[in-house]
Each structure stands twice: as structure tokens, then as C-alpha cells.
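This report refers to the structure that appears directly beneath it.
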Amino acid sequence: GRGGGSVINSGLAPAAAPGQAALREGYEHFDPRAYLRNNYLPPRADFSSEEFVVPWKLRCLAETFASGEIQGRTLIDVGSGPTIYQLLSACDHFEEIVATDFLAVNREELGRWVRGEPGAFDWSPFIQHVCKIEGRGEPWQDKQRRLRQRLRRILPIDVHRAEPLGAPLRPRADALLSAFCLEAVSPDRASFVRALSHVGTLLRPGGHAVLLGALGESFYLAGPARLPVVPLQEADVREALAAAGFALRELRSYAMPPALRTGVDDVDGVFFAHAQKPVGMGR
Ligand SMILES: C[S@@+](CC[C@H](N)C(=O)[O-])C[C@H]1O[C@@H](n2cnc3c(N)ncnc32)[C@H](O)[C@@H]1O
């Protein structure tokens with residue numbers, strides 16, 4: 001009757017709220033170490049062949065940043081979680097890298113790595129592999145030192161807010177990176193598009209966006225947490241980027257081989273997108 005209609009028209013966006021509340025509760029149980037074990041140790045982080053998923057992700061990032069076109073003062077990484085692999089090729093091209101995450105436990109995990117504290121996750125196999133595929137003969141310790149120096153801010157973020165950092169980023173970022181975050185925090189495709197629009201406001205017009213994400217995934221595990229994910233197809237990624245005002249430059253995808261379907265999620269594959277925010281979109 002009229003009662004339901006008046007709630008829908010109240011302007012409080014009730015449709016999105018229930019799914020988001022369930023997600024928020026799920027993330028209260030997110031265990032960074034379990035998440036790292038599930039995704040960033042073998043079999044997924046196996047550097048013996050480019051057929052494995054982690055080397056595929058690192059290759060996409062290395063090739064895209066190798067062009068030299070994506071560079072500037074600041075790069076912001078949205079939903080960094082407890083990981084830094086996504087920043088290894090990017091960090092050569094920016095003076096400052098800003099990492100962000102919703103959860104304090106993830107920001108703390110990152111902080112331990114930046115400060116080189118005992119108990120921090122060991123990213124050295126990733127750093128060595130990236131130095132190898134970048135092919136400049138750079139000692140991996142140099143890259144590690146450079147990323148640690150440039151990763152000076154680790155900020156809280158909520159991509160569901162129109163102002164994801166709680167205040168505008170001034171000046172705006174020259175590039176935006178986000179890996180496996182937006183689809184993993186959005187109850188549906190509409191929410192994914194809104195989140196993408198929100199984080200797009202952190203990027204200057206003309207700036208580049210680099211996204212990695214899950215295809216066809218409905219959940220993933222992180223210790224006691226079972227997080228729902230909006231299952232995306234490649235076409236959904238294309239449409240979402242267009243709807244959020246980005247111009248697509250490149251879209252690639254990877255099919256998860258059976259040996260990497262370990263039960264920690266139900267992911268079918270991974271997408272890699274390079275897009276650009278058109279000049280003249282002042283928002
Ligand atoms: C699947 S993890 C991705 C982590 C990392 N970027 C990677 O590539 O493995 C998703 C991340 O989104 C974060 N997150 C949860 N809710 C969020 C929100 N509302 N806004 C931004 N990030 C959120 C989680 O804490 C988690 O670190």
C-alpha cells in the first residue's frame with residue numbers, strides 16, 4: 001500500500017541499506033592473515049609459471065605502468081587491504097602513494113610492512129618477481145625501499161560515501177588504483193557503479209584508473225568471515241566504467257584454472273581494466 005511507497009520515497013535510499021549492513025558486519029570478522037594465506041601464498045602466488053593468477057596480475061600492472069603514460073605526483077590505492085603487490089610497478093612513477101582501507105586491522109598490517117616490523121607479511125617473492133619481469137636488473141631491495149618511502153599515508157576510506165575519505169583529496173590524485181575492492185564491498189551492480197563514481201571524485205580529470213577485480217564471484221573467505229561479492233561479467237565492468245564516466249582504454253581477463261579453485265572463494269576469473277577520466281569532467 002501507500003506505506004511502503006512513502007518509505008521508498010523518503011530519500012533515505014533504503015534499497016541499498018540492508019545489503020550494505022550485512023557486508024559491514026561480515027567485514028568485522030575479516031582476518032587479514034587468513035586473507036593473505038588464501039590469496040598470496042601458493043598455490044595462487046606461485047612464480048614458477050605465468051599461468052598462475054598472481055604472476056598474471058603482476059604482469060598486467062608491469063606492462064601498463066611500463067608505458068610511462070601513467071605518472072604524476074600522487075597515486076591513490078582504494079581498498080588496499082593488507083596487500084602491497086598492486087603498488088610494486090606503480091610506485092616508480094609517483095612521488096607519493098596513498099594506501100586506503102575501511103578496516104583498521106588492514107591499515108595496521110600495512111603499517112607493519114612499511115616500517116619493516118617483525119611479523120609483517122613477506123612480500124619479497126613478489127618484489128623479486130616484479131623486478132624480474134620489469135627487466136631493468138634492479139635489485140629488489142631498492143624497489144622495496146622506494147615503495148616504503150613513498151607509502152607515507154594509509155587512510156581510512158568508505159567507498160559507499162559520496163566523500164570516501166571524509167574530506168576531499170586536495171589536490172586530487174593523478175592516478176587511481178583499486179584491486180578486488182569495489183565488487184567485494186557492493187551488494188549489487190548498482191552499488192558497484194555508485195562506489196566507482198564515488199572513488200572517481202578522488203581522481204583529477206585526465207587521470208588514469210587501473211582496476212583489478214573478480215569475475216563471476218559470489219563470495220570469498222577471510223578466516224571466520226564469509227564476504228558476499230557481486231558477481232560481475234566483463235560486460236558489467238565495461239558498463240560500470242562507462243556509467244561512472246570513465247573512458248575505457250584496455251580490458252583483459254584471466255580464467256581461473258581448476259588447480260587454483262581452492263575453495264577460498266568461487267571466483268571464475270579476474271579482470272584488468274585501464275580507464276581514464278575525461279578532461280572536462282570537473283566533478
Ligand atoms: C578482497 S579485499 C582486497 C584487498 C587488496 N586490495 C587485494 O588486492 O587483495 C577487499 C578490501 O575492501 C575493504 N573494504 C571493506 N569495506 C569497504 C568499504 N566500505 N570501502 C572501502 N573498502 C572496503 C576490506 O577491508 C578489504 O581490505
Side-chain angles (χ1 to χ4, degrees), residues 16-17 19-41 44-45 53-54 56-58 60-61 75-90 97-111 113 121 123 126 151 154-166 169 176-188 191-192 194-202 209-215 217-232 254 264-267 270-273:
Q20 266 177 34
L23 268 154
R24 201 146 283 178
E25 209 190 302
Y27 275 104
E28 284 171 24
H29 306 284
F30 184 97
D31 175 354
R33 300 306 291 202
Y35 178 74
L36 289 167
R37 195 180 326 116
N38 292 348
N39 295 286
Y40 302 105
L41 286 178
R44 291 187 173 183
V53 62
V54 162
W56 184 84
K57 296 195 247 182
L58 296 174
C60 289
L61 292 162
L75 175 140
I76 185 162
D77 179 35
V78 170
S80 308
T83 76
I84 58 93
Y85 72 90
Q86 68 276 22
L87 305 172
L88 291 169
S89 288
I97 307 286
V98 180
T100 66
D101 202 77
F102 183 71
L103 294 180
V105 285
N106 284 333
R107 298 193 301 271
E108 287 156 11
E109 186 72 42
L110 281 181
W113 180 81
F121 190 76
W123 292 103
F126 291 70
L151 197 49
I154 303 173
L155 306 177
I157 193 165
D158 182 353
V159 300
H160 299 307
R161 290 162 40 162
E163 194 88 272
L165 297 173
L169 186 66
L176 174 94
L177 182 63
S178 189
F180 302 89
C181 173
L182 303 180
E183 71 281 8
V185 306
S186 300
D188 50 42
S191 167
F192 178 83
R194 281 196 300 273
L196 190 56
S197 305
H198 295 158
V199 301
T201 64
L202 304 171
V210 172
L211 298 179
L212 275 164
L215 291 172
E217 183 176 67
S218 74
F219 79 93
Y220 74 101
L221 304 177
R226 185 187 192 278
L227 294 315
V229 180
V230 56
L232 299 176
Y254 168 90
V264 300
D265 54 40
D266 63 349
V267 73
V270 176
F271 70 85
F272 174 83

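Whatever order the structure lists ligands and atoms in, that order sets their numbers, starting from 1. We're numbering straight along the sequence, starting at 1.
- In this structure, F30 and Y35 have tilted ring planes: the angle between them lies in the 30° to 60° band.
- Side-chain contact check for D77 and S80: at least one donor-acceptor pair (N or O, by modelled atom type) lies under 3.5 Å.
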CA sep, side-chain torsions, deciding dist, call: I154, T100, side chain to side chain contact (heavy atoms under 4.5 Å, CB included): CA-CA 5 Å; I154 303 173; T100 66; over 6 Å; no
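- Heavy-atom minimum distance, A225 versus G26: CB-O, 3.5 Å.
- The 4.0 Å heavy-atom shell around ligand 1 contains residues Y27, Y35, Y40, G79, S80, G81, T83, Y85, D101, F102, L103, N106, I157, D158, V159, H160, A179, F180, C181, V185, Y220, ordered by chain and number.
- In summary, the aromatic rings of F102 and Y27 are positioned with their centroids too far apart to meet the 6.0 Å limit.
- Interatomic distance, C181 SG to L196 CG, rounded to the nearest 0.5 Å: 10.5 Å.
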